[in-house]
Structures are given as C-alpha cells and as structure tokens.
Number of protein chains: 2
Amino acid sequence: MKNSQVTIKDIAKELGISSSTVSRALKNHPNVSPETKKAVTDLAEKYNYQPNSIALSLRRSKSNTIGVIIPEIVHFFFSTVISGIEDIAYSAGYSVIVSQSNESYDREVIDTFALSKNRVDGILISMSRETTKYDHFETIHKRGLPIVFFDRVCDAINCSKVVVDDFDGAYQVTRHLIQQGFKRIAHLAGPENLILSKHRMDGYKKALKEHSLEFDESIIIRGRAADNETLAKQLTTQLLNSANPPDAMFAINDRAALGVMKAVKEKGLKIPQDFAIAGFSNWEFTAMTDPAITTVDQPGFKMGQEAAKLLIREIEAEKDEVIEPEIKILKTDLIIRGSSVAV
Amino acid sequence: MKNSQVTIKDIAKELGISSSTVSRALKNHPNVSPETKKAVTDLAEKYNYQPNSIALSLRRSKSNTIGVIIPEIVHFFFSTVISGIEDIAYSAGYSVIVSQSNESYDREVIDTFALSKNRVDGILISMSRETTKYDHFETIHKRGLPIVFFDRVCDAINCSKVVVDDFDGAYQVTRHLIQQGFKRIAHLAGPENLILSKHRMDGYKKALKEHSLEFDESIIIRGRAADNETLAKQLTTQLLNSANPPDAMFAINDRAALGVMKAVKEKGLKIPQDFAIAGFSNWEFTAMTDPAITTVDQPGFKMGQEAAKLLIREIEAEKDEVIEPEIKILKTDLIIRGSSVAV
DNA sequence: ACCGTCACCGCAAACGTTTGCGGAATATCA
DNA sequence: TGATATTCCGCAAACGTTTGCGGTGACGGT
C-alpha cells in the first residue's frame, strides 16, 4: 500500500531545490540549467512522477473533463455516439463522464446540475423524450458553460448542434419505397415534441407529393408507438385490418419497424411482396431479422466526433474570442435490404 | 459570460468574516452562532453557491470518480453493465468515466494508466480479448489503487471479482437441448485465453456426460468464430456438410448463434425441428430473430451494480482496515425461445 | 479582583502545481 | 575596478476548501 504518489515537492526536497525550479525543469523552461534539468528529470523518472491532475485542474480552473447526457446508454445509436465522442475527447486530452437521463426530464435536470457541480468544462446533450422545458440548459449556458446538442436538439438554446439530415433521410427512404412500386405507404410517426419527428414526417410528405401520391392521415400512426414495439405491432395490425390498408410502412425508427414486421407476419402477408417495411437508424439488429430491414443509417460515430469537436473548440477558445454557434447537418445513408426489395 | 462561480471567499469577504467561519457555517458546525449561520446560508443561496469539487478533491486527495475499462461500449452486454455501475456510483456520490479498450491490449494499458493519472479512486475492468499480460494491473494495484474485475476477470491479480456462473449457465442450456430430444449437440467455443470459455465448455461437457452423450471434438468449433458472425456461419456450414452432422448447436455467445442460424437456414433445415440453436448472453436481438433464439441471460445490470458496490466498499474502507477480496458469482437465467423448442 | 468556562471566530497550514517578480551569483564590458 | 548584462533560482501568491489550534470577549463563580 504505497499510498501517496511522488510530488514535485518531494523531488524538490530530495534535490535541495525549490518546487518552482522542479516545475520549470519538467517543462523544459529556459531559465533552468541543463544540469538541474537532468537531475530533476532523472529523479522524476526514477520515482515515476505523475503530475497531479487535480491540482492542475484547480490551478487552471479547468477540469479537462466533458460531460455527456444521453437518454440511455443501452441503446445502439447512443452508445455509438459515445464512442465517437471518446475518440475525439481522448486524443484532445479530455476525459468523458457519461450520465443517462433514462428519458426522464427530472433526471435530466439532476444530471445537468450534477455535471456542472463537478466542474466539467462543457456538456454534450441529447434531450430526453419528455423534455419540454429548457430552464436547466438556460441556467448553465448563461453561466458560461459550453453546451453542444446532438441528435435530440433544443431549438430554444442558441448553441452549436449536430443533427442528422432527418428530412432527407426520410425523403430518400420513402422515395425508395415508391420506386419499388408501393402505392399506399403508411408512416409510423415519432413523439411530437422532438423536431426530428417533424423533419422525418416532412421528408415523407415531400416524397409522396413529388410522386403525386396523396398524404392520408388515416394511415399515419401517431402517439407512443415509436419506442414501444408491442404498441407498434398492435396499431399496425389494426391498420392492416382496416378497409383500405396500406401496402408499405415507413417507421420512424427500427424498433417500431420491428413491431410492424411482426404484425405483418402474423397477418400472413409476405414481406416485401405484399408489404414493404422500412425503418430508421440502422440499428444492429435490422441486419439480423428475416428479412433484413431496410433502414436509414445515421452516422452515430461521426456525430459524436463532430459534437465533441465543436464543444472542445468552444472550450478552448480564448476568453475574448466570440464563437459563433454552428449547426452541423450530417448526411444519412439509405440501406436497402430485403424488407423493401426482393433480393 | 459570468465566468466565475461564487466561492467561500467571496461570501466571507461580503460578510466581513473569515472563510473558515463560512465553511463551518455551511456544514452546520456547532461553533458558529445561529445568526452567522443564517447570514451565510442566505447569501450562499442568493448567489447559488456550489462547492468547488476540484478543490475538495485536492484537499481530501480523493476525486470521487471511478474509472471503467471495457472492451467496447457499443455492445449490449457491456452497456448494460455500465448502466448498473452508474446506478450505484451516482447514488454513492461518484462520477463514472468510461474508456474502451476496443479489445486491444495496448489500448487497455494506455487506458489503465490514463485513469490512474487522472486520479480516479478505483477502477472497474473487463479485460480485452487480447490481454495475456497483467503487468499494468499489477502496477497500479500495488500502488494501492482498488481494482475490481467483472465478467472478463484476471486470475493473476488478487482482488475482488464479479462473474456470472458460466459453468452452470452452459450446463443448463445444454441440458435443455438434450431434454428437447437433440442427440448430437455441437459447441462453438470461445477464445481460449478467457476463462469463461473454459467454464462454458465444462458446463457443456457436464450436461453431456450426465446424459451419457459422448464428447466429440469433431463437432467443436474453435478459434475466432466467437465474435465473427461470418466465420461462425462458414464453419457451421462446413459442419452441416460433414459426414456426421450435429442436430443442435450451443454457441458461446449470441452473435455466433446468429451466424449459426444463418448457416442452418441457408442449408434449408427447419429450426428447431431439424436443428436447434442456443446462444449465451441474451442480447437484445435474440428476441427479434425468427425464430427467436434460446439463450442464457447474464444479469449485466446487476453485475455492474455488484462490481461498483465492491469497489466503493474498498475505496471507502478505513486505512488500517483490511478488505478481503471477494468473488461474486451471479446466477444466470435460461431463456427458452423458438430456436430450441416448438412454441 | 482573579480565574475558569464557554461560545464564537480567525490564523495559518495543507492539498500540488504554476508563475510573476525579484534577487544572487557570475560573466561581460568599458 | 566598477557598472551592467546574463543566468539561474527561490519567494510567495494563487486556485478553493478544510481544520487544528489558539485567541478574544463575555459571563459567572469565588
């Protein structure tokens, strides 16, 4: 149990010089004689000196840590984003501390202030599904703490954001379904308070319009089905049993698409011959179902990278330097699989 | 940009008292008059005083942060474990900083020392697949930094560990296959340097022996197929085309099981009538395939919780107190699904 | 008038590091 | 020899907090 690490003071004492000199010697400051430098570095190496990062943080009033708040960690997309964040953060010398809101507004507020109290240098956030008030963001942002939103962004705060081109992704996947010959394409929509739901809906509408298909509210599934596979299945079954059922479905995300698929299979329809399905996000499992699900790939890793870059840029800006908020829109990638086209 | 947070000194200055008194007033120390206390707490509230956790860390030489090293974040099981770790850590007042080794030994070493340099109070580790040398663990452990291993544990280090009862899980799932009437059960084994591979193999063997089935090396798939779906599929196809093919497969994990499933489907065999499949870990997607895959649930969340508890217990032990390393073995849960039994 | 007790508060050191400033010793020059 | 420049180093403050110890003043008891 050699408890304490060796410090600058220890080295100074052993060499009979002051800590200032040791500090300077270690960073190769010109005002230190070569002999002293050598003595210091030798001893530092011998004792395996590691600068105390906490003392450094206090001195510089900078923790070199960034906080991340996401709805959930156990989630293919978000964990991919974290991976991207860490990639950039680590190579820039930052640690990453992650906390999850579990899609709860209250928890998100707690997490936000906890990170602020922990003196992180900046925060990356993807909002919870419940969040409709933004005071907690406002508060810490006004305090001068850099914030960057990603994916589930907040329009009310004037800061940098990274999103995926939801509109275009939805447009492309819907167009694909139309090009495959499907005529009556339903849409399972997302929660109304997330902008991405609106964007995807708009992309869907644009594709319909462009191909002279009319938008029909009766084949739109709204509400909480987006993240509830069972509900998605139920509502799809209902739709399939209706008078004028759809022949394809674009679901707002892959989990919902899976619910749709189960409903369609249960009904005895063949995929994609009788009914085509497309999701959104390219979650891992979409390649594993039978048939595999057509979807839209969101560059999660890249999103994490970009968000981290924007944040660090802001953190490391000079005091008087004014950083204009930047909105990064990442292109999506249409992944065509068996659920929408015969292989 | 109100840059600086208010400090104890600021409050002290404004009230014309010393920082010591403010500090004591804030923690309700008896040696402070009620009036002073009130004045201090009022002002603290007014300015929304937040203790500077970095200064605290320096003072107490304790960062209240724990480090986690896992092979990858984008992984259902490991992200579940993290979730469990955070659950315990946050309620005990610790932050969690996560880093991933990406299954690389070199990266694991770097991460280990980076965490140590960042002055975490303890480390939770699940080893990379590559790791066969343990000097980096040894070094920091000798330095007195508490370590707890989980899942992929290291026998060479004498510290607390949390594992799943791999032996029993494998035994149960194999027995289940036997009870369903399958006679020639193959096994896709894991990397040899991970103890869990051996344990699962042993559980498999025990079930065979108990039912008087002989162990046949020719239907064991070894090598790198465990985390390579494509390879798993190839080798399974090879096995299916052999002279005396198996009628069931217990795969060391779910990803491999999926490869097996694809091979079996491609061969035109019916699952489970002609061929049964079982995996291990209960990854999310196993419930989503068609048919759903029988597997063994590993309590990832609970594992995270237990590991965090053990670590924090060690961190918060008194200096002279001797903490005996503890090995926690968590029970698994057999999840029977369509791939091994007709519904 | 002296002493002891008590309640309340401040001083200063400590955690480990950085850095502006000044000072001592040596070297350079007139 | 005396003045000045150069080289190297230490002092002390600062980051924000905690805490042992000592100090002050009021009060009651003898």
Side-chain angles (χ1 to χ4, degrees), chain A residues 3-41 43-44 47-65 93 116-121 143-144 319, chain B residues 3-41 43-44 47-65 93 116-121 143-144 319:
Chain A
N3 204 357
S4 51
Q5 283 275 73
V6 57
T7 75
I8 276 194
K9 284 187 183 178
D10 300 330
I11 298 183
K13 197 174 295 174
E14 178 153 348
L15 289 175
I17 59 180
S18 77
S19 345
S20 338
T21 307
V22 176
S23 170
R24 281 190 266 255
L26 287 172
K27 42 188 44 185
N28 213 7
H29 191 282
N31 281 7
V32 178
S33 73
E35 304 85 50
T36 315
K37 267 181 198 165
K38 174 142 177 39
V40 169
T41 47
L43 210 55
Y47 290 148
N48 187 28
Y49 167 74
Q50 304 264 42
N52 184 319
S53 59
I54 295 176
L56 266 178
S57 297
L58 183 59
R59 182 86 229 284
R60 305 205 219 274
S61 44
K62 177 160 185 301
S63 63
N64 267 61
T65 303
S116 150
K117 205 184 72 186
N118 267 53
R119 295 299 203 276
V120 295
D121 293 335
R143 230 183 260 159
K319 272 191 181 158
Chain B
N3 204 356
S4 52
Q5 283 275 72
V6 57
T7 75
I8 276 194
K9 284 188 182 176
D10 299 329
I11 298 183
K13 198 175 295 172
E14 177 154 348
L15 289 175
I17 59 180
S18 78
S19 346
S20 339
T21 307
V22 176
S23 171
R24 279 188 269 254
L26 287 172
K27 42 189 45 188
N28 213 8
H29 192 281
N31 281 7
V32 178
S33 74
E35 304 84 52
T36 314
K37 265 180 200 167
K38 175 140 179 40
V40 169
T41 49
L43 210 58
Y47 289 148
N48 187 26
Y49 166 74
Q50 303 263 43
N52 184 319
S53 59
I54 296 176
L56 267 178
S57 296
L58 182 59
R59 183 84 229 282
R60 304 205 220 275
S61 44
K62 177 160 185 299
S63 64
N64 267 60
T65 303
S116 151
K117 205 185 71 186
N118 268 33
R119 295 300 203 275
V120 295
D121 293 334
R143 229 183 262 161
K319 271 193 181 156

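Per chain, numbering begins at 1; letters A, B, ... match sequence-line order.
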A.B. asks: Which residue lies toward the 5' end of DNA chain C, A/L56 or B/K37, if each is placed at its nearest nucleotide?
C.D. replies: B/K37
A.B. asks: Nearest-Å distance, CD1 (A/I8) to C1' (D/dC11)?
C.D. replies: 16 Å
A.B. asks: Could you state the OH-P distance from A/Y49 to C/dG16, rounded to the nearest angstrom?
C.D. replies: 10 Å
A.B. asks: What residues, two or more places apart in sequence or in another chain, satisfy side-chain hydrogen bond (donor to acceptor under 3.5 Å, both in side chains) together with B/S53?
C.D. replies: none
A.B. asks: By salt bridge (Lys or Arg N to Asp or Glu O under 4.0 Å), which residues pair with B/D10, not counting sequence neighbours?
C.D. replies: none
A.B. asks: Determine whether A/R119 and A/S57 make a side-chain contact, defined as any pair of heavy atoms from C-beta on separated by less than 4.5 Å.
C.D. replies: no
A.B. asks: How long is the straight-line distance from CD of A/Q5 back to OG of B/S61, given to the nearest 0.5 Å?
C.D. replies: 11.5 Å
A.B. asks: Whole Å only: how far is the CD atom of B/Q5 from the P atom of D/dT17?
C.D. replies: 10 Å
A.B. asks: I'd like a table of atom pairs between the protein and nucleotides 5-7 of chain C - only N or O on both sides, under 3.5 Å - with the distance next to each one.
C.D. replies:
none

A.B. asks: Considering heavy-atom distances to DNA chain D, does B/P51 or B/R24 have its closest nucleotide positioned more toward the 5' end?
C.D. replies: B/P51
A.B. asks: Can you pull out how bent the helix from C/dA1-D/dT30 to C/dA30-D/dT1 is, comparing the axes over its first five and last five pairs, to 10°?
C.D. replies: 80°
A.B. asks: Below 3.5 Å is the cut-off: list the nitrogen or oxygen pairs between protein and nucleotides 13-15 of chain C, distance only.
C.D. replies:
{"residue": "C/dA14", "atom": "N3", "partner": "B/R59", "partner atom": "NE", "Å": "3.4"}
{"residue": "C/dC15", "atom": "OP2", "partner": "A/K9", "partner atom": "NZ", "Å": "3.4"}
{"residue": "C/dC15", "atom": "O2", "partner": "B/R59", "partner atom": "N", "Å": "3.4"}

A.B. asks: How long is the line joining CD1 of A/I11 and C1' of C/dT17, in whole Å?
C.D. replies: 12 Å
A.B. asks: Which part of the nucleic acid, if any, lies within reach of A/T36 when heavy atoms closer than 4.0 Å are counted: base, sugar-phosphate only, or nothing?
C.D. replies: sugar-phosphate
A.B. asks: Distance check needed: D/dT18 P versus B/N28 CG, whole Å only.
C.D. replies: 14 Å
A.B. asks: Would you please name every residue forming a side chain to side chain contact (heavy atoms under 4.5 Å, CB included) with A/K13, sequence neighbours left out?
C.D. replies: none
A.B. asks: Is the base of C/dT19 touched by the side chain of A/S20 through a donor-acceptor pair closer than 3.5 angstrom?
C.D. replies: yes
A.B. asks: Restricting to side-chain hydrogen bond (donor to acceptor under 3.5 Å, both in side chains), what partner residues turn up for A/S20, sequence neighbours left out?
C.D. replies: A/S18
A.B. asks: For B/S23, enumerate each residue passing the side chain to side chain contact (heavy atoms under 4.5 Å, CB included) test, keeping only those at least two apart in sequence or located in another chain.
C.D. replies: B/I8
A.B. asks: With a 4.0 Å cutoff (strictly under), does any side-chain N or O of A/S18 reach OP1 or OP2 of D/dC9?
C.D. replies: no
A.B. asks: What closest approach, in Å, do B/L56 and B/P51 show between heavy atoms, and which atom pair accounts for it?
C.D. replies: CD1-CB, 4.4 Å
A.B. asks: Using salt bridge (Lys or Arg N to Asp or Glu O under 4.0 Å) as the criterion, list what pairs up with B/K62, not counting sequence neighbours.
C.D. replies: B/D121
A.B. asks: Can you give the donor-acceptor pairs under 3.5 Å from side chains of residues 30-41 of chain B to other protein atoms, not counting sequence neighbours?
C.D. replies:
{"residue": "B/S33", "atom": "OG", "partner": "B/T36", "partner atom": "N", "Å": "3.3"}
{"residue": "B/S33", "atom": "OG", "partner": "B/T36", "partner atom": "OG1", "Å": "2.6"}
{"residue": "B/K37", "atom": "NZ", "partner": "B/N28", "partner atom": "OD1", "Å": "3.0"}
{"residue": "B/K37", "atom": "NZ", "partner": "B/H29", "partner atom": "O", "Å": "3.2"}
{"residue": "B/K38", "atom": "NZ", "partner": "B/D42", "partner atom": "OD1", "Å": "3.4"}
{"residue": "B/K38", "atom": "NZ", "partner": "B/D42", "partner atom": "OD2", "Å": "2.7"}
{"residue": "B/T41", "atom": "OG1", "partner": "B/K37", "partner atom": "O", "Å": "2.8"}
{"residue": "B/T41", "atom": "OG1", "partner": "B/K38", "partner atom": "O", "Å": "3.0"}

A.B. asks: Under 4.0 Å from OP1 or OP2 of C/dT18: is there any side-chain N or O of A/S23 that close?
C.D. replies: yes
A.B. asks: Can you tell me the distance, in whole Å, between the CG atom of A/L26 and the C1' atom of D/dC9?
C.D. replies: 15 Å
A.B. asks: In whole angstroms, how far is the P atom of D/dT19 from the NE2 atom of B/H29?
C.D. replies: 8 Å
A.B. asks: When the distance from NZ of A/K117 to P of D/dT17 is rounded to whole Å, what number comes out?
C.D. replies: 13 Å
A.B. asks: Please list, chain by chain and in numerical order, all residues satisfying side-chain hydrogen bond (donor to acceptor under 3.5 Å, both in side chains) with B/E14, sequence neighbours excluded.
C.D. replies: B/Y47
A.B. asks: A/I54 near the nucleic acid: base, sugar-phosphate alone, or nothing, with a heavy-atom cut-off under 4.0 Å?
C.D. replies: nothing
A.B. asks: Return the minimal non-hydrogen interatomic distance between B/L26 and B/Y49, and the atom names on each side.
C.D. replies: CD1-CE2, 3.6 Å
